[in-house]
Amino acid sequence: MHCMTHCSRSIRAAGRKQYIAGVARAKIHPFSTTTQSFSNKKPVLGIAREDVNLWERRAPLSPNHVETLVSRKGVRVLVQPSSRRAYSMAEYESAGAIIDDDLSEADVIVGVKKVAIEHLIPNKTYVFFSHTIKAQKDNMPLLDAILEKNICLVDYEKIVDDRGVRQVAFGQYAGIAGFYTTTLRSSDVASSNMRGVVHSSRMCSSLEY
């Protein structure tokens with residue numbers, strides 16, 4: 001499986017073509033991207049709390065996934081606590097995960113959406129949707145921080161097979177989540193119109209999954 005890791009030092013100043021040209025293609029596995037040897041310790045995977053969008057309920061791995069990693073693969077899994085995540089902390093604990101706000105022991109940290117800049121841990125491997133591959137202006141500070149902190153970023157958008165076909169694609173629920181996010185943001189803009197806010201809130205509540 002192929003994925004793209006960001007490695008250019010001048011992305012902000014470069015245009016889209018230069019940015020894409022500065023991205024290196026590499027064949028990697030999440031647990032082989034770090035320099036740490038696992039000969040004497042179990043690999044540690046962290047599941048990050050979604051803290052950028054306060055209404056985000058999705059999770060990168062379910063408790064069933066965690067149970068497989070723990071029981072069959074010998075992976076130690078740390079889960080940041082969250083009251084909004086679709087799965088409860090009790091479900092993750094039953095699957096063998098350790099609930100811990102501190103993910104500094106993790107070799108690889110996975111999430112759904114981007115991690116807040118202030119929460120990025122240097123010298124780690126992160127896996128999430130960064131929305132930077134097209135040099136999106138709003139996310140360039142995030143990419144700058146990733147480079148400055150010597151972070152290896154595995155972006156879901158650039159995990160492709162030998163034919164260049166994406167392996168992590170948007171599906172029905174991603175579309176619903178996008179509509180959900182847009183509606184909430186629209187209600188913020190129209191906050192002076194209470195009727196619109198109430199209507200938006202009811203509509204968003206009906207879309208929870």
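In this structure, Val79 and Ala97 approach most closely via the heavy-atom pair CG2-CB, 3.7 Å. Contact detail for Leu153 and Phe128: the closest heavy-atom pair is CD1-CZ, 3.8 Å. Glu56 and Lys113 get closest at one heavy-atom pair: OE1-CG, 3.9 Å. In terms of heavy-atom proximity, Pro43 sits nearest to Gly74 at CD-O, 3.9 Å. Of all non-hydrogen atoms in Ala106 and Gly46, the two that sit nearest each other are CB-N, 3.6 Å.
The neighbour count for Lys149 NZ, taken as heavy atoms of other residues, nucleotides or ligands under 6.0 Å away, is above 12.
With hydrogens and angles ignored, the 3.5 Å screen pairs no side-chain donor or acceptor of Gln80 with any backbone N or O of Leu103. Using a distance-only test at 3.5 Å, with no hydrogens or angles considered, no donor-acceptor pair links the side chain of Glu148 to the main chain of Ile146. The closest donor-acceptor contact from the side chain of Asn139 to the backbone of Thr132 lies at 3.5 Å or more, if one exists at all. Without hydrogens or angle criteria, Arg85 side chain to Tyr87 main chain gives no donor-acceptor distance under 3.5 Å. The backbone N or O of Glu50 sits nowhere less than 3.5 Å from a side-chain atom of Arg58 that would complete a donor-acceptor pair. Remark: side-chain polar atoms of Lys124 are paired, donor with acceptor, to backbone N or O of Ser104 under 3.5 angstrom.
How far CG of Leu78 is from CG of Asp107: 9.5 Å, rounded to the nearest 0.5 Å. Atom OG of Ser94 and atom CE of Met89 lie 11.5 Å apart (nearest 0.5 Å). Remark: Ile109 CD1 to Ile47 CD1 distance equals 11.0 Å, nearest 0.5 Å.
With sequence neighbours left out, Ile117 forms a side chain to side chain contact (heavy atoms under 4.5 Å, CB included) with Pro141, Leu142, Ala145. Take Tyr156 and apply the ring pair (Phe, Tyr, Trp, His ring centres under 6.0 Å) test, not counting sequence neighbours, and it matches Phe129. For the side chain to side chain contact (heavy atoms under 4.5 Å, CB included) test, residues two or more places apart in sequence or in another chain that qualify with Ser88 are Ala90, Glu91.
Note on Arg163 versus Asp161: salt bridge recorded, some NZ/NE/NH1/NH2 to OD/OE distance being below 4.0 Å.
At a threshold of 4.5 Å between non-hydrogen side-chain atoms, the residues His119 and Arg49 do not count as touching. The side-chain heavy atoms of Ile99 and Pro81, taken from C-beta on, include a pair separated by under 4.5 Å.
Inspection of the His65 and Thr68 side chains reveals no N or O donor paired with an N or O acceptor under 3.5 Å.
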